[in-house]
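Step one of this worksheet: look at the structure below.
These numbers come from a predicted model, not from an experiment. Throughout, a chain's letter reflects where its sequence line sits, starting with A, and its residues are numbered from 1.
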Amino acid sequence: SAVISQKPSRDICQRGTSLTIQCQVDSQVTMMFWYRQQPGQSLTLIATANQGSEATYESGFVIDKFPISRPNLTFSTLTVSNMSPEDSSIYLCSVGVGSYNEQFFGPGTRLTVL
Amino acid sequence: KNQVEQSPQSLIILEGKNCTLQCNYTVSPFSNLRWYKQDTGRGPVSLTIMTFSENTKSNGRYTATLDADTKQSSLHITASQLSDSASYICVVSAFLDMRFGAGTRLTVKP
């Protein structure tokens, strides 16, 4: 298993600003993932962050809007840039562990953009 | 069209009752199927994970079934408790590619 923490747990931001979300894991993992969960919806994968390489983004998500860092095997950040109210969501990081890539999720960051 | 469909969208039951949540999928090739519980304001927590050869798996009062031929899974909750109130998400994997269902919102009332 893996224990994951995220900071901040929630934030209220003004449109046009940026927020960086931190994700810390208690063990070294190869694959980390960032998800968005809009109100009442299920999770949507934003990108996969692997240490030592650029993140791989899913269709509809771009690096300029959601830059990701992965400086080591236990830490990653996701930045939500130039925010608009449509970016109001819960952002979750997760890690894949084991041969079945079982996903363990962080507690999420609840973002509200005014 | 979502490749993982869950039903019902929401469900209200009385404490102590049983319930069954459904998950139908079209994801192919199939690697594994997981059920997650997500409490409000929290990240999803894994309940069960099943591979192609597994038909049923239990985790306490939660029992998941899988029929890989019909591409259906169910999550049965026995003797529900108030703490079971949450969203239950079915996730089907084709190797590293995961598809999320929209979830079933369960409310258990006293």
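Hydrophobic clustering (side-chain heavy atoms under 4.5 Å, transitive across Ile, Leu, Val, Met, Phe, Trp, Tyr) keeps A:Phe75 apart from A:Ile21. Under a hydrophobic clustering in which Ile, Leu, Val, Met, Phe, Trp and Tyr are joined whenever their side-chain heavy atoms come within less than 4.5 Å, directly or via other members, A:Leu92 and A:Phe104 fall into different clusters. Cluster annotation: B:Tyr88 is connected to B:Met50 through the hydrophobic network of ILVMFWY side chains, with a link wherever side-chain heavy atoms come within less than 4.5 Å. Residues A:Val29 and B:Met98 do not share a hydrophobic cluster, defined by chaining ILVMFWY side chains whose heavy atoms lie under 4.5 Å apart.
Counting heavy atoms of neighbouring residues, nucleotides and ligands inside a 6.0 Å radius, atom CZ of A:Arg110 does not exceed 12 of them. At most 12 non-hydrogen atoms from other residues, nucleotides or ligands lie less than 6.0 angstrom from CD of A:Glu54.
The two atoms that bring A:Ser42 and B:Ile89 nearest to each other are OG-CG2, 3.9 Å, heavy atoms only.
Rounding to the nearest 0.5 Å gives a distance of 7.5 Å between CG of A:Leu45 and CZ of B:Phe100.
In this structure, the portions of A:Leu43 lying under 4.5 Å from any heavy atom of chain B include both its backbone and its side chain. Using a 4.5 Å cut-off between heavy atoms, B:Ser87 makes no contact with chain A at all. For B:Gln38, the part sitting under 4.5 Å from any heavy atom of chain A is the side chain, from C-beta outward, and nothing else.
The candidate with the highest count of non-hydrogen atom pairs below 4.5 Å against chain B, out of A:Arg10, A:Gln37, A:Gln41, is A:Gln37.
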B:Arg42 and A:Phe105: CA distance, side-chain angles, deciding distance, side-chain contact (heavy atoms from CB on, under 4.5 Å) verdict: CA-CA 9 Å; B:Arg42 309 290 291 272; A:Phe105 288 86; over 6 Å; no
